[in-house]
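Naming: A, B, ... by sequence-line order, numbering from 1 per chain.
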Amino acid sequence: MAADDLVELAKRRGFFFGSNGAYGGTAGFYTFGPQGAALKRNVEDAWRDRFTIREGNREIEAPTIMPEAVFEASGHLDGFNDMLVECPECGASHRADHLVEDATGIEDAEALPGEEVEALIADNDLACPSCGTPLAGAPVENFNLMFATDIGPGDAQPGYLRPETAQGIFVEFPRLKEYARGSLPFGITQIGPAYRNEISPRGGLLRLREFTQAELEQFVDPEEDEPPLDRVEDVEVRLYPATEQAADDGEYLHTTIGEAVDDGVIGSPWVGYYLGVAQEWYERVGVDMDRFRFRQHLAGERAHYAADCWDAESEVGGDWIEIAGFAYRGDYDLSKHDEYGDDAFTIFKRYDEPKTVERATVDPDMSVLGPEFGGDAGAVAEALATLAERDPDAFDAETVTVEVGEGDAAETHEVDADVANFAVEEVTETGEHITPHVVEPSFGVGRTVQTLLAHAYREDEVDGEERTYLSLVPEIAPQDAAVFPLVTNDDRLTALADEVAADLRAAGLAVAYDDSGSIGRRYRRQDEIGTPFCVTVDRDGIERDGPDTVTVRERDSAAQVRVPVDDLAGELAALRAGESFDALVDRYETVATDVETN
RNA sequence: GCACCGUUGGUCCAGUGGUAGGACAUUAGCUUCCCAAGCUAAUAGCCCGGGUUCAAUUCCCGGACGGUGCACCA
């Protein structure tokens with residue numbers, strides 16, 4: 001299938017299209033049309049069902065705009081920059097930090113200030129890799145991929161549109177842990193938009209400036225919590241480990257989740273668990289598993305927070321695209337927010353048995369320290385406390401020496417041991433504060449939608465006529481069913497069709513009604529948007545003895561069965577929930593048609 | 001952000017220095033008892049700005065958007 005065909009279908013049938021066309025269009029922004037929005041919502045619902053509800057997790061909805069301080073802590077303000085230098089001759093843009101790293105062996109040049117990188121470029125006589133023109137004197141510009149905005153009027157507070165939904169979960173951890181009653185493990189999910197001011201958006205839904213993420217932040221005790229690996233240990237996966245990617249003749253590793261974790265191919269059991277869950281979920285929503293793999297990130301590819309990371313990738317139009325990432329983020333995020341934020345981003349972990357420990361304490365007599373050391377008194381008291389923890393034996397002597405201040409301002413003070421009021425106390429500790437680790441399955445919803453459309457796209461022949469259809473699974477298809485009167489010149493048929501459509505909608509099914517054009521044309525319209533079942537009201541169904549019946553036609557095979565109107569809503573609901581059409585074929589009269597698909 | 005190519009009804013295309021034509025789709029009517037049938041009619045378009053010209057959808061410049069390559073993708 002050509003990618004163009006899918007784009008054309010998406011536009012024509014209302015799946016998705018570039019936004020703001022009346023104003024010239026805006027690169028990096030797409031609008032989901034009626035079918036696309038329904039499809040995307042179904043994907044989100046299926047994700048929620050699997051990753052929130054069935055895992056016993058909770059979903060939240062955080063703001064998309066967050067204040068600057070959040071991103072100072074998260075590292076996005078500094079780390080989410082690209083340092084670009086533009087060649088004055090040919091105009092090509094290059095990563096300034098990469099040029100410097102390559103030429104000087106400096107590591108992590110990204111962390112250096114722009115002026116310093118400019119100086120390094122000049123000092124090392126670096127030239128444009130494209131055309132060879134010297135780059136000395138060319139300005140190094142920071143391009144931050146976050147959208148900046150102002151919060152409030154006047155001396156506004158700087159804010160940013162979140163570059164990932166995850167931060168909205170992390171920053172609320174102190175409260176979220178309360179809802180989890182302070183115990184690990186627990187998981188918080190969020191589905192919503194994230195924003196990245198991409199330099200060059202490309203490839204339809206694949207790289208957007210506003211896109212939808214479905215993320216789970218699984219908070220775990222790294223020392224104790226283990227995933228329920230037995231649930232997915234037999235799930236077969238196709239892995240593409242980093243070692244195989246590096247090898248010239250690298251091959252896929254076909255194995256099971258259980259074995260991959262046992263063998264250490266997947267470093268974290270938690271990551272392994274979610275790879276297994278994801279494999280099953282992708283299969284459920286209709287990804288072609290022959291065009292799907294899990295690829296491990298190469299060392300240089302990992303984000304600033306990730307210890308081990310796997311991507312789910314699907315093949316679309318001949319390319320492998322990343323559709324989800326599974327990262328073991330360690331305690332990076334919570335530690336940073338603990339450091340920068342006001343609240344405690346820790347969990348109190350109770351010991352099995354309370355521990356009695358000896359703790360050295362001081363209770364300095366400030367009425368002595370004050371007069372003696374003046375402004376340094378506070379610092380001296382603090383230094384005494386630190387010393388007591390580190391080296392209690394120091395207090396055996398008559399006087400104790402502590403150092404306050406740093407660098408040139410450092411001063412040494414002697415304090416009488418008596419004044420320090422040193423003591424060793426027995427303290428009962430019932431537990432400790434630990435920083436949970438985070439396992440993060442992060443799904444791109446738009447990319448999943450794109451994958452499902454590409455993998456569902458089919459062309460075949462019905463009755464010698466070519467047709468295009470989307471073989472979407474019923475759970476995901478934008479419409480659950482369509483209802484037609486076979487012909488419109490019989491009021492009995494149109495009236496019953498109206499009634500059937502209304503009844504199905506009342507039963508919660510998304511149903512299209514179409515009485516325009518020939519029956520074949522109407523089938524094709526529904527085929528193109530992937531409607532799995534078409535219900536046709538015909539004269540046979542109302543003129544024969546017994547209850548009124550209608551025909552139900554299955555999209556891929558064009559096979560039909562005759563179903564009593566009273567059973568229809570129940571049967572369609574069952575089909576949507578996963579029952580096979582064959583079950584209906586067994587139970588009901590089939591309708592003989594001379595239609596053949598191939 | 002750079003380079004090359006492109007942008008014409010809803011969609012896919014043809015074409016022109018004197019404001020455009022087809023196919024499909026859509027709508028209405030006729031017809032019509034199960035897979036894009038037929039007939040009649042209707043709706044609907046030259047990406048935006050500037051320049052050259054009596055006249056620009058067409059030529060020139062700039063922009064936007066799209067495709068491809070480079071770069072980038074925390």
Participant: Could you check A:Glu244, A:Glu322, A:Gln245 and say which one makes a side-chain contact (heavy atoms from CB on, under 4.5 Å) with A:Arg295?
Facilitator: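 Testing each of A:Glu244, A:Glu322, A:Gln245 against A:Arg295, the sole residue satisfying side-chain contact (heavy atoms from CB on, under 4.5 Å) is A:Gln245.
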Participant: In whole Å, what separates the C1' atom of B:A42 from that of B:C47?
Facilitator: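 Going atom to atom, C1' in each nucleotide, I get 27 Å.
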Participant: Using the P atoms only, state how far B:C2 lies from B:G62, rounded to an integer number of Å.
Facilitator: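 Here B:G62 and B:C2 have their P atoms 12 Å from each other.
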Participant: Tell whether A:Tyr523 reaches the base of B:C34 with its side chain through a donor-acceptor pair below 3.5 angstrom.
Facilitator: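 In this structure, the two groups form a donor-acceptor pair.
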Participant: If you measure from the C1' atom in B:U52 to the same atom in B:C60, how many Å do you get, rounded?
Facilitator: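 Taking atom C1' in both B:U52 and B:C60, they lie 7 Å apart.
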Participant: I'd like to know if the side chain of A:Asp338 reaches the main chain of A:Phe345, judged simply by a donor and an acceptor atom lying under 3.5 Å from each other, with no hydrogens or angles considered.
Facilitator: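 Such a contact is found between A:Asp338 side chain and A:Phe345 backbone.
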Participant: Given B:A36, B:C72, B:C34, which nucleotide is nearest the side-chain atoms of A:Arg524?
Facilitator: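 Of the candidates, B:A36 comes closest.
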Participant: Expressed as a whole number of angstroms, how long is the span from A:Glu8:CD to B:C12:P?
Facilitator: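 My rounded result for the distance is 6 Å.
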Participant: Classify every nucleotide of nucleotides 25-32 of chain B by which part a protein heavy atom approaches to under 4.0 Å, writing B for the base, S for the sugar-phosphate alone and - for neither, in 5'-to-3' order.
Facilitator: SSS----B
Participant: How close or far is atom P of B:C35 from atom CG of A:Asp538, stated in whole angstroms?
Facilitator: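 Going from A:Asp538 (CG) to B:C35 (P), I get 12 Å.
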Participant: Kindly give the heavy-atom pair with the smallest separation between A:Phe292 and A:Ile323, and that separation in Å.
Facilitator: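 Scanning both residues, the minimum pair turns out to be CE1-CD1, 4.0 Å.
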Participant: Tell me: CD of A:Glu528 to P of B:C24, nearest whole Å?
Facilitator: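 Answer to the nearest Å: 15 Å.
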Participant: Under a 3.5 Å threshold, yes or no: a donor from one side chain and an acceptor from the other, between A:His455 and A:Glu315?
Facilitator: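 No, A:Glu315 and A:His455 have no side-chain donor paired with an acceptor closer than 3.5 Å.
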Participant: Answer with yes or no whether A:Glu322 presents, from its side chain, a donor or acceptor under 3.5 Å of a partner atom in the base of B:C73.
Facilitator: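 Check fails, no donor-acceptor contact within cut-off.
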Participant: Can you say whether the rings of A:His437 and A:Tyr328 are parallel (under 30°), tilted (30 to 60°) or perpendicular (over 60°)?
Facilitator: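 Plane angle over 60°, so perpendicular.
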Participant: With C1' as the reference atom in both, quote the distance from B:U57 to B:G6 in angstrom, rounded to an integer.
Facilitator: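 Rounded to whole Å, the distance is 15 Å.
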Participant: Quick one: is the NZ or CZ of A:Lys11 closer than 6.0 Å to the six-membered ring centre of A:Phe17, and within 45° of its axis?
Facilitator: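 No, A:Lys11 does not lie over the aromatic ring of A:Phe17.
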Participant: Using the P atom in both, what is the distance from B:A55 to B:U16, to the nearest Å?
Facilitator: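 The same atom, P, in both gives a distance of 22 Å.
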Participant: Is there a donor N/O on one and an acceptor N/O on the other, under 3.5 Å, for the side chain of A:Arg553 and the base of B:C34?
Facilitator: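 Counting by modelled atom types and ignoring angles, no donor-acceptor contact under 3.5 Å is found here.
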Participant: Is any side-chain heavy atom of A:Gln213 closer than 4.5 Å to one of A:Phe443?
Facilitator: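 Side-chain contact under 4.5 Å: no.
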Participant: Between A:Gly28 and A:Val591, just flag the one whose closest nucleotide in RNA chain B comes earlier from the 5' side.
Facilitator: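 So the residue in question is A:Val591.
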Participant: Taking for each residue the nucleotide of RNA chain B with the nearest heavy atom, is it A:Gly24 or A:Leu493 whose nucleotide lies nearer the 5' end?
Facilitator: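 Its nucleotide being nearer the 5' end, the pick is A:Leu493.
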Participant: Find the distance A:Glu543:CD to B:C34:P and express it as a whole number of Å.
Facilitator: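 To the nearest whole Å, that distance equals 13 Å.
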Participant: Please report the distance, rounded to the nearest Å, between OH in A:Tyr23 and P in B:U7.
Facilitator: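 Atom OH in A:Tyr23 sits about 25 Å away from atom P in B:U7.
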Participant: Confirm from the modelled atom types if A:Thr551 and B:C34 form a donor-acceptor pair under 3.5 Å, side chain to base only.
Facilitator: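 Counting by modelled atom types and ignoring angles, a donor-acceptor contact under 3.5 Å is found here.
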Participant: Under 4.0 Å, counting only non-hydrogen atoms across every strand here, what does A:Gly204 touch: a base, just sugar-phosphate, or nothing?
Facilitator: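 The residue A:Gly204 makes sugar-phosphate contact but no base contact.
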Participant: Give RNA chain B the dot-bracket treatment, 5' to 3': Watson-Crick (N1-N3 with N6-O4 or O6-N4) or G-U (N1-O2, O6-N3) under 3.5 Å, [ ] crossing, | other strand.
Facilitator: (((((((..((((....[..)))).(((((.......)))))....(((((..]....))))))))))))....
Participant: With rounding to whole Å, what would you report as the distance between B:G15 and B:A56 at their C1' atoms?
Facilitator: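 Going atom to atom, C1' in each nucleotide, I get 15 Å.
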Participant: Whether A:Arg544 and A:Glu589 form a salt bridge (side-chain N of Lys/Arg under 4.0 Å from carboxylate O of Asp/Glu) is what I want to check.
Facilitator: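 So A:Glu589 pairs with A:Arg544 through a salt bridge.
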Participant: Distance check, C1' atoms only: B:C46 and B:C59, in whole angstrom units.
Facilitator: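 My reading of the C1' atoms in B:C46 and B:C59 gives 15 Å.
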Participant: Would you call the rings of A:His76 and A:Phe71 parallel, tilted or perpendicular, where under 30° means parallel and over 60° means perpendicular?
Facilitator: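 Geometry flag for A:Phe71 against A:His76: perpendicular rings.
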Participant: Measure from the side chain of A:Arg202, starting at C-beta and using heavy atoms only, and say which of B:A36, B:G1, B:C12 lies closest.
Facilitator: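 In terms of side-chain proximity for A:Arg202, the closest of B:A36, B:G1, B:C12 is B:G1.
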Participant: Within this structure, what is the CZ-to-P distance between A:Arg447 and B:C73, rounded to whole angstrom?
Facilitator: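 Going from A:Arg447 (CZ) to B:C73 (P), I get 14 Å.
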Participant: Scan A:Glu466 against the nucleic acid and name what it touches under 4.0 Å (heavy atoms): base, sugar-phosphate only, or nothing.
Facilitator: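 Answer is base: heavy atoms of A:Glu466 come under 4.0 Å of a base.
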Participant: Whether A:Glu164 and A:Arg329 form a salt bridge (side-chain N of Lys/Arg under 4.0 Å from carboxylate O of Asp/Glu) is what I want to check.
Facilitator: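 Counted as a salt bridge, because a side-chain N and a carboxylate O are separated by less than 4.0 Å.
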Participant: Take atom CG of A:Asp527 and atom C1' of B:C35, then tell me their distance rounded to the nearest Å.
Facilitator: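 Answer to the nearest Å: 8 Å.
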Participant: Expressed as a whole number of Å, how far does the P atom of B:A28 sit from that of B:U43?
Facilitator: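 Result for the P pair: 15 Å, nearest Å.
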Participant: Grab the CE-P distance between A:Met146 and B:C73 for me, whole Å please.
Facilitator: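 Roughly 16 Å, once rounded to whole Å.
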Participant: Students often get this wrong, so: under 4.0 angstrom with heavy atoms, is A:Gly33 touching a base, only sugar-phosphate, or nothing?
Facilitator: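 Here A:Gly33 touches no strand at all.
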Participant: Is it true that A:Glu528 and A:Arg524 have a side-chain N and a carboxylate O under 4.0 angstrom from each other?
Facilitator: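 Salt bridge absent between A:Glu528 and A:Arg524.
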